[in-house]
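I have placed the structure first, in the form of structure tokens, so that the comments after it can refer back to it.
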Amino acid sequence: MNALRQPRRASTLAAQVADQLREQLATGKWPVGTRIPGELELAGLLQVSRNTVREALRALVHLGLLESRVGDGTYVRVANELEAVLLRRTATTRPVDVLELRAVLEEHAAGLAAERRSQADIARLREVLAAVQESNRSGSMTQVAAADGAFHRTVVQAGGNELLGELYDYLGSALSSFLTALPWDDDVAVEHDHWHGALVDAVAAGDAVAARYAASMLVRVTSRLADEAGQDAVAEHDDAVDRGRS
């Protein structure tokens with residue numbers, strides 16, 4: 001076994017710098033998608049060497065929190081490690097697996113929402129339901145996916161389980177990006193409206209069984225659309241997954 005070496009002071013400083021930068025991300029002081037200050041500016045603010053800052057940034061890029069763009073700077077990719085891990089994992093996961101996980105989370109969350117919702121939760125659900133219905137008529141799958149994600153996050157939040165809500169938030173981008181690739185027409189929009197409305201009514205009535213059923217039917221709609229898509233985007237995704245595993 002090789003002898004252990006005494007830790008370098010620079011490494012300790014880099015770890016401390018990385019912790020401070022991670023706090024900036026977690027608290028939202030540097031929102032996702034924004035460019036963070038440059039190495040030189042950070043070195044001045046933190047009163048450390050530029051090499052120390054560079055080492056800390058590399059560590060956060062490796063974790064998936066930051067993204068380094070050559071000639072442009074460093075950008076915030078996600079807010080914390082858990083989100084980074086989930087994004088990497090879902091990027092190499094078959095869509096059917098993502099949908100099955102979605103079913104587990106949303107059905108359980110719907111039941112909790114029906115049991116624990118407040119009047120304020122119900123009012124908020126009816127607001128996001130109206131947004132979903134409007135997006136369904138927009139013809140834009142980007143709008144549909146965004147409204148659908150906001151709706152289901154509201155359902156999860158009404159259940160009062162903060163850890164479940166955090167996990168669902170982190171998976172939200174994967175679920176939304178999958179939905180944008182699905183076919184859409186007026187019949188699907190009507191069906192989508194129906195089950196979203198049924199879910200809100202069940203939560204408002206405190207009917208956990210009906211809420212879980214409505215949530216499951218929404219996932220089934222998405223699964224059926226994936227099957228009807230002719231395996232275009234889905235097949236390309238699966239081929240990429242297979243290539244990555246070979």
Side-chain angles (χ1 to χ4, degrees), residues 86 90-91 93-115 117 121-122 124-159 164-165 167-238 241:
L86 289 172
T90 54
T93 299
R94 297 181 185 277
V96 65
D97 295 337
V98 176
L99 287 173
E100 287 176 358
L101 177 58
R102 176 186 174 184
V104 171
L105 294 177
E106 292 186 2
E107 288 178 36
H108 185 70
L112 290 180
E115 294 169 355
R117 82 287 183 269
D121 291 327
I122 296 172
R124 175 59 182 153
L125 276 171
R126 297 211 181 277
E127 288 179 8
V128 293
L129 174 61
V132 167
Q133 293 169 338
E134 182 177 354
S135 72
N136 284 343
R137 296 187 293 271
S138 70
S140 167
M141 286 308 296
T142 300
Q143 290 186 36
V144 170
D148 185 78
F151 175 88
H152 288 288
R153 282 192 296 272
T154 304
V155 173
V156 173
Q157 291 164 2
L164 179 58
L167 177 60
Y168 192 84
D169 280 345
Y170 298 154
L171 283 170
S173 59
L175 300 177
S176 295
S177 64
F178 178 68
L179 190 60
T180 58
L182 299 180
W184 200 259
D185 58 30
D186 290 343
D187 290 338
V188 173
V190 169
E191 188 175 14
H192 210 235
D193 278 352
H194 170 74
W195 289 114
H196 278 91
L199 177 52
V200 172
D201 289 343
V203 169
D207 189 337
V209 174
R212 287 193 293 269
Y213 180 72
S216 71
M217 291 304 297
L218 283 167
V219 176
R220 289 187 187 183
V221 170
T222 304
S223 299
R224 190 190 73 242
L225 292 177
D227 291 337
E228 294 173 354
Q231 280 67 49
D232 291 335
V234 175
E236 290 179 7
H237 178 95
D238 286 351
V241 171

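Minimum heavy-atom separation, L99 to S223: CD1-OG, 3.6 Å. Considering every non-hydrogen atom in both L125 and V128, the closest pair reads O-CG2, 3.2 Å.
Between the side chains of N136 and H196, no donor-acceptor pair of N or O atoms lies under 3.5 Å. There is a side-chain donor-acceptor pair under 3.5 Å between Y168 and E106.
Looking at heavy atoms from C-beta onward, R137 lies out of side-chain contact with D186 at the 4.5 angstrom threshold. Residues R102 and V98 are not in side-chain contact: their nearest non-hydrogen atoms beyond the backbone lie 4.5 Å or more apart. W184 places a side-chain heavy atom less than 4.5 Å from the side chain of H192.
Within 6.0 Å of the CD atom in E127, the count of heavy atoms belonging to other residues, nucleotides or ligands exceeds 12.
Legend: residues meeting salt bridge (Lys or Arg N to Asp or Glu O under 4.0 Å) with E191, ordered by chain and number and at least two apart, are R224. Checked against salt bridge (Lys or Arg N to Asp or Glu O under 4.0 Å), E115 has no partners two or more places apart in sequence or in another chain.
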Inset, instruction - Determine, stepwise, if the pair L164 / H108 fulfils side chain to side chain contact (heavy atoms under 4.5 Å, CB included). - result: CA-CA 10 Å; L164 179 58; H108 185 70; 4.2 Å; yes
Indicate every side-chain donor-acceptor pair of residues 203-219 with a distance under 3.5 Å to a residue at least two apart or in another chain.
from	atom 1	to	atom 2	distance (Å)
D207	OD1	V209	N	3.3
D207	OD1	A210	N	3.0
S216	OG	Y213	O	2.6

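In this structure, the separation between CD on Q133 and CZ on F151 is 9.0 Å, given to the nearest 0.5 Å. Separating the CG atom in L105 from the CD atom in E100 is a distance of 12.0 Å, to the nearest 0.5 Å.
Partner of L129 under the side-chain contact (heavy atoms from CB on, under 4.5 Å) criterion, chosen from D193, V200, L199: V200.
Distance alone, capped at 3.5 Å, places no donor-acceptor pair between the R126 side chain and the I122 backbone.
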